[in-house]
Amino acid sequence: MQPRDRLVVALDVSTRNDVLRLLDQLHDAAGVFKIGLQAFTALGPSIVREVVARGERVFLDLKIHDIPNTASHAIHEVASLGASMTTVHASGGESMLRACAHDSVLVLGVTVLTSLDDASLQSVGFTDNAIDTAARLARLAQASGLRGVVASPHEIAAIREACGSDFVILTPGIRPSGADAGDQRRTMTPREAISAGADYIVVGRPITNAANPRSAALRVIDDMSSRA
Ligand code: C5P
């Protein structure tokens with residue numbers, strides 16, 4: 001994969017105009033566009049079809065967590081929209097994960113949300129720390145037929161060791177050096193995340209809120225390319 005193919009830009013906006021403006025600015029400066037709960041709830045499935053029709057790869061980040069039958073039908077609908085990637089919560093359990101493993105879309109298991117620290121994990125009943133929990137959930141996702149996971153950059157090494165080099169790891173929580181961290185906690189730069197073993201990095205506001213989103217995306221790609 002070229003560095004550009006590894007960059008996933010999060011289109012966390014609520015209007016069709018904002019989606020199309022960002023696509024115009026970024027169409028050859030990112031490999032994948034992420035449509036998450038904000039844009040999907042505001043704009044519906046038609047926005048996915050429209051971005052796919054422009055020839056872009058779409059990551060439809062729905063973080064599905066439901067009974068196996070419902071989850072599996074939702075994944076089929078995601079595939080029929082033409083999305084290339086989507087997400088389910090690995091904590092949904094083996095039966096749900098097996099029902100969601102699908103060939104025509106890359107289904108990634110969400111391990112531990114980057115917004116949860118060790119104390120919040122304990123308060124919802126997890127006894128291990130974030131790194132061990134993420135590695136355990138990644139192993140469960142792999143054993144249940146998924147080809148990859150979403151994890152914080154700080155969990156990449158443990159997941160690589162647990163799941164091997166072919167397992168896909170996509171990581172948010174990326175901040176170019178000097179960028180505002182916003183509500184992200186334990187961040188890494190693009191180069192650090194790729195060096196740590198990420199296949200894809202997700203970058204949202206540092207690109208979409210920049211005065212010139214295209215230049216900001218090209219800087220992220222440059223930073224990834226400059227790894228030793
Ligand atoms: O704007 P920012 O770069 O923080 O955007 C990161 C994107 O990655 C957002 O769409 C957010 O929902 C998503 N994400 C995350 N942490 C997770 C899972 C998804 O930041 N654990």
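We count ligands from 1, going down the list as the structure has it; atoms in each ligand are counted the same way. The model shown is predicted, which means the values in this text are computed figures rather than measured ones.
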Task: Residue pair Val88 / Cys100: nearest heavy atoms and the distance that separates them - done: CG1-SG, 3.9 Å
Among protein heavy atoms, which lies nearest [atom], and at what distance?
{"atom": "atom 8 (O) of ligand 1", "answer": "Pro172 CB, 3.5 Å"}
{"atom": "atom 12 (O) of ligand 1", "answer": "Lys34 NZ, 3.9 Å"}
{"atom": "atom 2 (P) of ligand 1", "answer": "Arg175 NH2, 3.5 Å"}
{"atom": "atom 16 (N) of ligand 1", "answer": "Thr114 OG1, 2.8 Å"}
{"atom": "atom 6 (C) of ligand 1", "answer": "Gln184 NE2, 3.7 Å"}

Under 4.0 Å from a heavy atom of [X]: which atoms of ligand 1 are those, numbered in the order shown and with their elements?
{"X": "Gly204", "result": "1 (O), 2 (P), 3 (O), 5 (O)"}
{"X": "Arg205", "result": "1 (O), 2 (P), 3 (O), 4 (O)"}
{"X": "Val202", "result": "7 (C), 8 (O)"}
{"X": "Asp12", "result": "9 (C), 10 (O)"}

Lys/Arg N to Asp/Glu carboxylate O, [X] vs [Y], below 4.0 Å:
{"X": "Asp12", "Y": "Arg205", "answer": "no"}
{"X": "Asp199", "Y": "Arg160", "answer": "yes"}
{"X": "Arg147", "Y": "Asp103", "answer": "no"}
{"X": "Arg21", "Y": "Asp18", "answer": "yes"}

Open item on the list: Under 4.0 Å, heavy-atom basis, I'd like to know which part of Gln38 is in contact with ligand 1: side chain, backbone, both or neither.
Closed with: neither
Task: Val110, portion touching ligand 1 at heavy-atom distance under 4.0 Å - done: neither
Open item on the list: Please list all pairs meeting ring pair (Phe, Tyr, Trp, His ring centres under 6.0 Å) that have one or both residues in residues 26-54, counting only residues at least two apart or in different chains.
Closed with: none
- [ ] List the steps, then state whether salt bridge (Lys or Arg N to Asp or Glu O under 4.0 Å) holds for Arg98 with Glu94.
- [x] CA-CA 6 Å; Arg98 285 200 182 284; Glu94 181 174 351; 3.0 Å; yes
Open item on the list: Does ligand 1 come near enough to Lys63 that some N or O of the ligand is less than 3.5 Å from an N or O of the residue?
Closed with: no
Task: Shared hydrophobic cluster, Val58 / Leu22 (ILVMFWY, side-chain heavy atoms < 4.5 Å) - done: yes
